[in-house]
Amino acid sequence: MSNDGDPADDAPGVAAATLILFSERDDQRARHLMIQRTAKMRFAPNALVFPGGQVDADDHRIAEDPDLVDVELGDSLERAHRVTAIREMLEEVGVPVGFERPDSIDVPAMQAELKRRLPFSDILKTASARLDLSGLRLWAQWHPRLAHRRFDTRFYIARYKGDHEVFADADEVGEVRWLAASEAIAEAEAGSAKIIFPTLCNLERLSAYPDFAAAAAHLATVECRPISPRLHNDEQGNPCISIPEDSGYPLTRRLLSTLQAP
């Protein structure tokens, strides 16, 4: 998070990607897969978040391989972020999203190979699998600075029609839950769930849209620009954090005293 007038606001960020799934059943509001980070995680231990992680060199290789992705879709960096979102979802919770033929892959085997740090590109080639990046829609791009590191985290949304069975990586995931955005917000307000500022902002935005179609239509009405949370004082001198008002989020300023610590 940046302070007023911080010259480092435009510094290049560590690339990362997060994937928000929409599971729609029985005409109810969509539920999103969320994970509780383990207590041993250095950043945001025990926090309820969406699956995601950092872009690695192999994700970039996949993004340039026409045998593994459609290299005509977006630019190389955008494709690499989408690959990361798919890989992290598979590695952390064993949910196959973004595959051309999801029913043909051995999910537990792929997840185990990722756990062994085998390159995702090799895993895909061995399985004769190809990714379909077009099912992911760019929801937001956050550009915060945390612990003296600037991040470029892209949030994606995708429709998920599979079952709710998960295979959580116990080293990173304490619990996996399918929650409506309003349910997660209510738990944060009650103090029964730890939800940090970027996740809370995205849950509030998601809560306005009952399903993937409505959320995707909303994306056409707002320009996706990097969001750098800004620390400042309000008119009464109280420490606040703000994001741009035209970024598609219903609440854009909060008192720091009302937020949970990372």
Side-chain angles (χ1 to χ4, degrees), residues 9-22 32-33 35 43 49-102 105 107 110-111 113-147 149-160 169 172-173 198-199 202 212 215-216 219 223-228 247:
D9 285 352
D10 294 328
V14 177
T18 294
L19 183 51
I20 302 170
L21 297 185
F22 280 70
H32 313 288
L33 191 152
I35 62 175
F43 175 71
V49 300
F50 302 107
Q54 290 188 26
V55 179
D56 65 25
D58 190 60
D59 295 332
H60 285 283
R61 285 190 285 270
I62 294 171
E64 296 290 351
D65 190 335
D67 290 332
L68 299 179
V69 299
D70 178 3
V71 296
E72 300 299 321
L73 185 119
D75 61 35
S76 177
L77 184 58
E78 171 64 17
R79 293 195 301 272
H81 275 85
R82 296 190 189 202
V83 171
T84 301
I86 293 167
R87 173 179 56 76
E88 288 287 343
M89 180 66 71
L90 185 64
E91 182 175 354
E92 292 184 343
V93 293
V95 175
V97 179
F99 287 83
E100 286 191 349
R101 295 181 294 117
I105 64 174
V107 172
M110 278 193 172
Q111 187 182 33
E113 290 167 339
L114 286 170
K115 180 72 173 176
R116 289 165 47 207
R117 304 301 179 198
L118 295 181
F120 192 28
S121 57
D122 290 347
I123 296 170
L124 293 172
K125 290 174 182 177
T126 299
S128 299
R130 194 168 188 267
L131 301 182
D132 178 9
L133 306 182
S134 65
L136 277 63
R137 300 286 301 275
L138 181 61
W139 174 254
Q141 184 176 359
W142 282 63
H143 202 223
R145 188 176 67 254
L146 302 171
R149 299 180 75 191
R150 172 68 69 182
F151 283 83
D152 172 13
T153 302
R154 303 189 189 189
F155 288 78
Y156 296 93
I157 60 172
R159 179 183 279 117
Y160 180 65
D169 178 358
E172 297 187 36
V173 180
T199 307
N202 279 294
F212 178 82
L219 291 178
E223 181 182 359
C224 185
R225 294 180 295 180
I227 296 171
S228 296
S247 53

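The two atoms that bring A158 and V97 nearest to each other are CB-CG1, 4.2 Å, heavy atoms only. The heavy-atom pair separating A129 from M110 by the smallest distance is CB-CE, 4.1 Å. Contact record, Q54 with F151: NE2-CE2, 4.0 Å, taken as the closest heavy-atom pair.
Residues satisfying the salt bridge (Lys or Arg N to Asp or Glu O under 4.0 Å) criterion with D70, sequence neighbours excluded, are absent altogether. Residues forming a side chain to side chain donor-acceptor pair (under 3.5 Å) with E91 (at least two apart in sequence, or on another chain): R117. Take F22 and apply the ring pair (Phe, Tyr, Trp, His ring centres under 6.0 Å) test, not counting sequence neighbours, and it matches H32, F212. D122 pairs by the side-chain contact (heavy atoms from CB on, under 4.5 Å) definition with P119, not counting sequence neighbours. Judged as a salt bridge (Lys or Arg N to Asp or Glu O under 4.0 Å), and not counting sequence neighbours, the contacts of R130 are E100. Annotation: side chain to side chain donor-acceptor pair (under 3.5 Å) contacts of Y160 (sequence neighbours excluded): none. Listed by chain and residue number, W142, I196 satisfy the side-chain contact (heavy atoms from CB on, under 4.5 Å) test with P198 (two or more places apart in sequence, or in another chain). With sequence neighbours left out, R116 forms a side chain to side chain donor-acceptor pair (under 3.5 Å) with no residue at all. Residues passing the salt bridge (Lys or Arg N to Asp or Glu O under 4.0 Å) test with D132: none are found, sequence neighbours excluded. For K125, there are no side chain to side chain donor-acceptor pair (under 3.5 Å) partners at least two apart in sequence or on another chain.
Judged by distance alone, with hydrogens and angles left aside, the side-chain atoms of R79 form a donor-acceptor pair with the main-chain N or O of V71 at under 3.5 Å.
At a threshold of 4.5 Å between non-hydrogen side-chain atoms, the residues L73 and R82 count as touching. At least one side-chain heavy atom of I86 sits under 4.5 Å from a side-chain heavy atom of L136. Between F50 and L21, the closest side-chain pair of non-hydrogen atoms is not below 4.5 Å. Proximity of L77 to H60: side-chain heavy atoms (C-beta onward) are separated by under 4.5 Å at one or more points. Looking at heavy atoms from C-beta onward, R87 lies in side-chain contact with L114 at the 4.5 angstrom threshold. You'll find the side chain of E88 stays beyond 4.5 Å of the side chain of P51, heavy atoms only.
Here CD of Q111 is found 11.0 Å from CD of E113. Values are rounded to the nearest 0.5 Å. Atom-to-atom distance recorded for D59:CG and T84:OG1 is 3.5 Å, nearest 0.5 angstrom.
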Would you mind writing out the side-chain donor-acceptor pairs for residues 62-69 within the sub-3.5 Å range, not counting sequence neighbours?
residue : atom : partner : partner atom : Å
E64     : OE2  : S76     : OG           : 2.5
D65     : OD1  : D67     : N            : 2.9

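Atom CZ of R159 has more than 12 neighbouring heavy atoms from other residues, nucleotides or ligands inside a 6.0 Å radius.
The list of ring pair (Phe, Tyr, Trp, His ring centres under 6.0 Å) pairs with a residue in residues 119-139, not counting sequence neighbours, reads W139-H218.
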Worksheet item: Given the rule in the side chain to side chain contact (heavy atoms under 4.5 Å, CB included) test, do L219 and I157 qualify, once you have shown the distances and angles that lead to the verdict?
Response: CA-CA 10 Å; L219 291 178; I157 60 172; 4.0 Å; yes

Discussion item. Using side chain to side chain contact (heavy atoms under 4.5 Å, CB included), reason through R154 and L138 one step at a time and then give a plain yes or no.
Written reply: CA-CA 7 Å; R154 303 189 189 189; L138 181 61; 3.9 Å; yes

Practice prompt. Evaluate the side chain to side chain contact (heavy atoms under 4.5 Å, CB included) criterion for residues M89 and Y156: first the C-alpha distance (whole Å), next the side-chain angles of each, then the deciding distance (0.1 Å), finally the verdict.
Written response: CA-CA 12 Å; M89 180 66 71; Y156 296 93; over 6 Å; no

